[in-house]
2 protein chains.
Amino acid sequence: MTSTNSVETQAQTQFDHPCPVRDVLDRIGDQWSLLILTALTPGTLRFNELHREIGDISRQMLSRTLKRLEQDGFIERKLYAEVPPKVEYTLSPLGHSFLVPMQALIEWADANHVQICQSRRQHRAQNEE
Amino acid sequence: MTSTNSVETQAQTQFDHPCPVRDVLDRIGDQWSLLILTALTPGTLRFNELHREIGDISRQMLSRTLKRLEQDGFIERKLYAEVPPKVEYTLSPLGHSFLVPMQALIEWADANHVQICQSRRQHRAQNEE
DNA sequence: GTACTTAGTTACCTGGAGGTGACCATGACA
DNA sequence: TGTCATGGTCACCTCCAGGTAACTAAGTAC
């Protein structure tokens, strides 16, 4: 984990990333990736449509995140040779399959969020007295 | 999302966090939380045992992360009135239940990591030429 | 000629995650 | 007397995710 750059590079070319879960979570655990994927679940969207849909993302982060998601194979990008440019983003089969286990996690979060918040309130109350 | 501090505070006291999934992912999506939870799956561990188990975490981050996980109710902390101090960390029922949907995600990651890495390599190759 | 559109890119800035090393109190042991 | 172990905390530093604002190229409408 704590490694020099050369070792890091070597490890990445050999195994790309030592721990699959950590790798996936690193990508998906950011502020926007999951939001973008779920926004694309109903179907194809263009860049500005995504931008409007998500609302509070900057165009820079949208661009960056889309690029990473495309590189990792979660989404597909189709560029039309028109002016003004038209670009369509679609979930790939990999992206769809990812949302299946993710859905279970989303349901867990919905079901247990109240309990988590209660727990937080309790601990806050204990620290305040 | 983009909000002043006062509005943020108000929202948190009212609903604690607007989006459950985002809230959970914010906590669990960091570098260490999931690693700690899985390290605790087999059973109770003490602070330094966890530190040794995970290996490359700093004591400060271990302490901080454990505190957050305890506040959110994922783990339980038991302090023994001994000298030198003895503290035991255990997965709570909530923590255990969380690992169920998480397990599905871990399996997905294991199964599809190769494909993700291939996709990355392809895109890297395309950009290099 | 001027403004609008699309899909980005670029430079610059900030906050927070995470690391490092020193420090604390207490008792056991040599 | 000093050293070790435990479970932390504190001050300080670095790096990067993410935001903002300005800019681009080409066509269309006024």
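The sequence lines fix the lettering, A, B, ..., with proteins before strands; numbering per chain opens at 1.
- Rounded to whole Å, atom P of C/dT20 lies 12 Å from atom CZ of B/R59.
- What separates NZ of B/K86 from C1' of D/dG8 is a distance of 17 Å, to the nearest Å.
- At least one donor-acceptor pair under 3.5 Å links the side chain of B/H51 to the backbone N or O of B/I57.
- For A/E82 and C/dA7, the CD to P distance is 10 Å, given to the nearest whole Å.
- Annotation for A/L105 and B/F98: closest pair CD1-CE1, 3.9 Å, computed over non-hydrogen atoms.
- Within 6.0 Å of NZ in B/K86 there are more than 12 heavy atoms belonging to other residues, nucleotides or ligands.
- Distances shorter than 4.0 Å separate some side-chain N or O of A/K67 from OP1 or OP2 on C/dT9.
- Residue contacts for B/Y80: at a heavy-atom cut-off of 4.0 Å it reaches no nucleic acid atom on any strand shown.
- Helix-axis bend for the helix from C/dG1-D/dC30 to C/dA30-D/dT1: the local axis fitted to the five terminal pairs at one end deviates from that at the other end by 20°, rounded to 10°.
- Between A/M61 atom CE and C/dT10 atom P the separation is 16 Å, expressed in whole Å.
- Side-chain atoms of A/Q60 stay outside donor-acceptor range of the base of C/dT9, with no qualifying N/O pair under 3.5 Å.
- Nearest-nucleotide mapping onto DNA chain C: of B/G29 and A/Y89, the residue sitting toward the 5' end is A/Y89.
- Judged as a side-chain contact (heavy atoms from CB on, under 4.5 Å), and not counting sequence neighbours, the contacts of B/E76 are B/S92, B/P93.
- Qualifying side-chain contact (heavy atoms from CB on, under 4.5 Å) partners for B/T90, counting only residues two or more places apart in sequence or in other chains: B/T44.
- Looking at the side chain of A/V87, the nearest of the listed nucleotides D/dG18, C/dA7, C/dG18 is C/dA7.
- Criterion: ILVMFWY side-chain heavy atoms under 4.5 Å apart, direct or through other members. Under it, A/L79 and A/L45 are part of a common hydrophobic cluster.
- Looking at B/S63 and B/F47, their side chains come closer than 4.5 Å, going by heavy atoms from C-beta outward.
- At the phosphate of C/dA7, neither OP1 nor OP2 sits under 4.0 Å from any side-chain N or O atom of A/S63.
- When the P atom of D/dT6 is taken as reference, atom CG of B/L62 falls 14 Å away, rounded to whole Å.
- Near DNA chain C, meaning a heavy atom under 4.0 Å away, the residues from residues 41-53 of chain A are A/R46, A/F47, A/N48, A/R52.
- Geometrically, A/R22 engages B/W32 in a cation-pi contact, judged by NZ or CZ lying under 6.0 Å from the ring centre and within 45° of the ring axis.
- Distances from the side chain of B/R77 to the nucleotides D/dG18, C/dG19, D/dG8 place D/dG8 closest.
- Per the geometry, CG belonging to A/D30 stands 9 Å off C1' belonging to D/dA17, to the nearest Å.
- Although no hydrogens or angles enter the test, the distance criterion places no donor-acceptor pair under 3.5 Å between the side chain of B/T65 and the main chain of B/L62.
- Under the salt bridge (charged side-chain N to carboxylate O under 4.0 Å, His left out) criterion, the residue pairs touching residues 29-48 of chain B are B/D30-B/R68, with sequence neighbours excluded.
- At least one donor-acceptor pair closer than 3.5 Å links the side chain of B/T41 to the backbone N or O of B/L37.
- Between the A/T38 side chain and the A/L34 main chain, a donor and an acceptor come within less than 3.5 Å of each other.
- Along DNA chain D, the nucleotide nearest to A/Q31 and the one nearest to B/L66 differ in position, and the one closer to the 5' end is contacted by B/L66.
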Return a single string for nucleotides 25-30 of chain D, one symbol per nucleotide in 5' to 3' order, where B is base contact, S is sugar-phosphate-only contact and - is none, cutoff 4.0 angstrom on heavy atoms.
-BS---
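- Separating the CZ atom of A/R68 from the P atom of D/dA17 is a distance of 8 Å, rounded to the nearest angstrom.
- Put simply, CZ on B/R64 is 10 Å from P on D/dT9, counting in whole angstrom units.
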